[in-house]
Number of protein chains: 2
Amino acid sequence: MKQSDRDRSVRLLWEPQPEPTRGPRAALSQARVVQAAIKVADAEGVDALTMRRVAEELGSTAMSLYRHVPGKSELLDLMVDAVWGETEHTPEGPWRAGLEFFARQMWSMYRAHPWMLQLTTSRRMPGPQAMTRQDAAYAVVAGLGLRPEEVVAVVTTVAQFVDGVGRTMADRVQAERETGVSEEDWWNGTESLWEHFTPERLPMMTYLYGSGGFDRPLDEFEFGLARVLDGLAAFVEAEDRPAVRRSTCL
Amino acid sequence: MKQSDRDRSVRLLWEPQPEPTRGPRAALSQARVVQAAIKVADAEGVDALTMRRVAEELGSTAMSLYRHVPGKSELLDLMVDAVWGETEHTPEGPWRAGLEFFARQMWSMYRAHPWMLQLTTSRRMPGPQAMTRQDAAYAVVAGLGLRPEEVVAVVTTVAQFVDGVGRTMADRVQAERETGVSEEDWWNGTESLWEHFTPERLPMMTYLYGSGGFDRPLDEFEFGLARVLDGLAAFVEAEDRPAVRRSTCL
DNA sequence: CTAGAACCGTGTACAACGTACACTGAGTGT
DNA sequence: ACACTCAGTGTACGTTGTACACGGTTCTAG
């Protein structure tokens, strides 16, 4: 993305859109395009999210969308920020309750919009809704006497855990949508795979499977979040915090 | 994916490929196709990973690949499992050291092959290399007296955290590859964005930025992993473990 | 030995996708 | 009234995965 594209994306996300002073009345608008795209992605998944499909949702043609968003990548940025706008800001209060709130807001958002976790990659331009939510999460940690980079790291750890669980969840949702087969039925219906799960080759898995460890799984989000918060508590409440080396350069 | 496609994918990953008994000597092989694809993805990123590009790497044509892998999705499954084959199995020993080893193996793998975190989504068929590594990780936890589903949850938490950090890392690597601009230079060079980061709108971010919280970031993997392991330690070593409700149905 | 089958690689074509460009018509500013 | 701006649409193109047909190579069965 060139500098000029970056600046344009910033204006697109952060500044009010200029109102046209001439020309025909627009049947579409950026907000309508974004909402239609979110509706399509929510209902049909990330692979259905094409410019043609969105335009169809609006009773229009694909090229008309380009009057309102410069491109698909920018549309995705707008969608992500719009969805962040549906979440609440983390309220002031104890750091743990705050981070839990933040994580739950993210989780709810991802559950409602799993496509967010499946977007084409590379750097997305952050928008105001996402940034203000992140800002509020930093705020509940900032009063703990941590160094600034520790504040960032604490919030980042929570977010990255939720992202990881969310990705798994999103992939499951998509698989079920595509195949009409639930996660459980998929594993139960793949006998050819289980034939290869032998005690010689996979001793722990066969033991765990035989013991019901996969039949009644714990809630991954709940279990993992509690552990992450416990670990952060040990860090936050320690008298003498362990030094962590700086990020290595990639 | 239909049942028959599933069975085929299982055979592809888990069973030795039948040797042809007739016909011309093949210039290509499945292993060569997989290795060429890994090489392309490592060097040029996930977007460059097209059948045409892989074929070009082999001095062949795209359609010839289909003699050796049934489709691109199956090629991706094979690639992922091949790369897992480069990692070491978690050795027997203390649970914490074991999980740390597992996490580091994953991290090294993702650092060498960031495309793994960026594959088209939906359910991937697990292969023998990935499964045996997971099996070994379960093994270091299994002797702790946890319930089977707790064993699964403990290992899953670590893996999902690493996946979350890895995704962020992969996106950065890709962005830098595409733009030739480093993460740091990107943020520093996007003045138009910083103009919107004001104390009124983003008080914590501007404070953290001004305090150097973003200049010298802590290593996200190291910091987060330590916290996750601390949290798991509290769980594993607790006398009376908190009950976690079961996974909700999606 | 021969015909047929199995198998390999290639050429061609197609559906689908994002989007550049040109055109037409609607509405405004001078 | 005219020039300009702006919205929507039609057309076309490059790119991607892959179906299908063809020609050639090698082996097996009769």
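First the proteins, then the strands, lettered A, B, ... as listed; each starts at 1. Keep in mind the model is a prediction, meaning the values are calculated, not measured.
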(request) Specify whether A/Tyr209 and A/Trp194 have parallel, tilted or perpendicular ring planes, treating 30° as the upper limit for parallel and 60° as the lower limit for perpendicular. (result) parallel

(request) Would you mind classifying the nucleic acid contact of A/Leu58 as base, sugar-phosphate or nothing, using non-hydrogen atoms under 4.0 angstrom? (result) nothing

(message) Nearest to the A/Arg25 side chain among C/dT28, C/dG9, C/dC8, which nucleotide is it?
(response) C/dT28

(request) Evaluate the ring planes of A/Phe221 and A/Phe161, with Trp represented by its six-membered ring, and classify them as parallel (under 30°), tilted (30 to 60°) or perpendicular (over 60°). (result) parallel

(message) Can you tell me which residue among B/Glu44, B/Glu57, B/Glu56 is in a salt bridge (charged side-chain N to carboxylate O under 4.0 Å, His left out) with B/Lys39?
(response) B/Glu57

(request) Classify the nucleic acid contact of A/Leu75 as base, sugar-phosphate or nothing, counting any heavy atom under 4.0 Å across all strands shown. (result) nothing

(message) For a quick test of reading the model: is some side-chain N or O of A/Ser60 closer than 4.0 Å to OP1 or OP2 of D/dG8?
(response) no

(message) Once you apply a heavy-atom cut-off of 4.0 Å, does B/Thr50 come out as touching a base, just sugar-phosphate, or nothing?
(response) sugar-phosphate

(message) I want to check one thing: is the phosphate of D/dA7, taken as OP1 and OP2, less than 4.0 Å away from some side-chain N or O of A/Ser64?
(response) no

(message) At less than 3.5 Å, do the side-chain atoms of A/Arg22 and the base atoms of D/dC4 form a donor-acceptor pair?
(response) yes

(request) Check B/Arg104, B/Arg133, B/Met116, B/Glu86 against B/Met109 for a side chain to side chain contact (heavy atoms under 4.5 Å, CB included) and give me the one that passes. (result) B/Met116

(request) State which of D/dG10, C/dT12, D/dT25 makes the closest approach to the side chain of A/Thr61. (result) D/dG10

(message) Applying a 4.0 Å non-hydrogen cut-off, can you work out what A/Met51 is touching in the nucleic acid: base, sugar-phosphate, or nothing?
(response) sugar-phosphate

(message) Side chain of A/Met63 only, heavy atoms from C-beta on: which candidate in D/dC6, D/dT18, D/dG10 is closest?
(response) D/dG10

(message) Nearest to the A/Arg67 side chain among C/dC23, D/dC22, D/dT18, which nucleotide is it?
(response) C/dC23

(message) Between B/His68 and C/dG9, is there a contact of a side-chain N or O with OP1 or OP2 at under 4.0 Å?
(response) yes

